[in-house]
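Working notes, structure below.
Just the heavy atoms: all of them, side chains too, but no hydrogens, waters or symmetry mates, feed the values below. First the proteins, then the strands, lettered A, B, ... as listed; each starts at 1.
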There are 2 protein chains.
Amino acid sequence: MVKYPHNLIRKQVNPPSQAKPINFANRGMSFESAINSTNEYYLSKRIAVVHKKPTPVQIVRVDYPKRSRAKIVEAYFRQASTTDYSGVYKGHYLDFEAKETRQKTAMPMKNFHAHQIEHMEHVLEQKGICFVLLHFSTLKETYFLPASALVSYYQIDQGTKSMPLDYIKKNGFAVENNSLPQVPYLDIIDKFFLGGD
Amino acid sequence: MVKYPHNLIRKQVNPPSQAKPINFANRGMSFESAINSTNEYYLSKRIAVVHKKPTPVQIVRVDYPKRSRAKIVEAYFRQASTTDYSGVYKGHYLDFEAKETRQKTAMPMKNFHAHQIEHMEHVLEQKGICFVLLHFSTLKETYFLPASALVSYYQIDQGTKSMPLDYIKKNGFAVENNSLPQVPYLDIIDKFFLGGD
């Protein structure tokens, strides 16, 4: 049912640095790592509390060896029914997913599952701040797309094709690839969602 | 490092019903199941979006059998660094942990880890609504204790002893054991946190 997530097992290896300093792609970091370190930065500076949810796993069998800790010996990946990241910023609920592509003109919609889209709709109904961070690794560009724009596109597309970069640019916001924090998505939230909150 | 969570593997089996209708303990349900079905109820009625986070697991080895899905063959339980539940209610960030005890006069503080307490402090700083739901299964009583009261107690207690039921009653709120939703914690939030929001 669920394809195994390669990225959990094999760390993404990027080509060696080409001496462009402020770009995590050149430092052998995956986009996910850049988000995680952004969240760590926000947490350490007491700016926001955002965590990645653990990978959902269905545990079938566990061994309990003597004098050592429990070992899971049979388990399977489950498909996530929500997004990967959630947290709190100035009392507001944040909820987002991060996706990366090597394509230059579009984000493949197979990156988003029906359950995740539905979850985003529920979050929007509850007035949560919900969005996706889309990284185009070849272009070295990152976009913040509000979930409302993703949901609208998904309803037309039904998860089969691609979301053009033009659509993303028109409905989203470019996120600077920064040094620290690396993916400063809260700047977008401050500017376009909270308006000087 | 981490003791294995028994409850993941063995379902809690309660004694047969004693014909008290509105009490999940008598229906063979654990407190956790009652919370989960409460969250399902809130979600289905479009009242709030609250999910339990997946159990954190450190994946060490995965087999990829031909023609079948990936099988995790070595993994270990990791200690949760955050709380179990988070979500959004009317734009507000909710964050909580649920704990059950058979004791009649106190909740053992070993139920709360330093990392979780720290996480609650961070959430409170960001103005999230953070709390614990404490179920005394022998007494069939459930309490909503604001995280601020738990953190205060933890700072005195340092996680070694027990938090008296008297302290919980004084600083928290009784939650009705309801039929549907079974643990109506949002009633407390409406009444004491949002004040007719």
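Under the 6.0 Å cut-off for aromatic ring centres, Tyr42(B) and Tyr185(B) qualify, their centroids lying closer than that. Ring to ring, Tyr153(A) and Tyr167(A) are close: their centroids are under 6.0 angstrom apart. For Phe144(A) and Phe193(A), the distance between ring centers is under 6.0 angstrom.
Between Leu165(B) and Leu139(B) the shortest side-chain heavy-atom distance falls below 4.5 Å.
Chain B forms the most heavy-atom pairs under 4.5 Å with one residue out of Ser81(A), Pro56(A), Pro54(A), and that residue is Pro54(A). Heavy-atom pairs under 4.5 Å with chain B were tallied for Ile72(A), Val49(A), Leu94(A); the largest tally goes to Ile72(A). Ranking Ala80(B), Ser68(B), Gly87(B) against chain A, the residue ahead of the rest is Gly87(B), based on heavy-atom pairs under 4.5 Å. Counting heavy-atom pairs closer than 4.5 Å to chain A, the top-ranked of the candidates Val57(B), Thr82(B), Val88(B) is Val88(B).
Contacts between Glu74(B) and chain A at a heavy-atom distance below 4.5 Å involve backbone atoms as well as side-chain atoms. Using a 4.5 Å cut-off between heavy atoms, Ile47(B) contacts chain A through its backbone alone, with no side-chain atom that close. Proximity to chain A is absent for every atom of Glu118(B), based on heavy atoms less than 4.5 angstrom apart. Contacts between His122(B) and chain A at a heavy-atom distance below 4.5 Å involve backbone atoms as well as side-chain atoms.
The ring pair (Phe, Tyr, Trp, His ring centres under 6.0 Å) search around Tyr41(A) returns none, not counting sequence neighbours. Remark: Ser86(B) engages no residue in a side chain to side chain donor-acceptor pair (under 3.5 Å) (not counting sequence neighbours).
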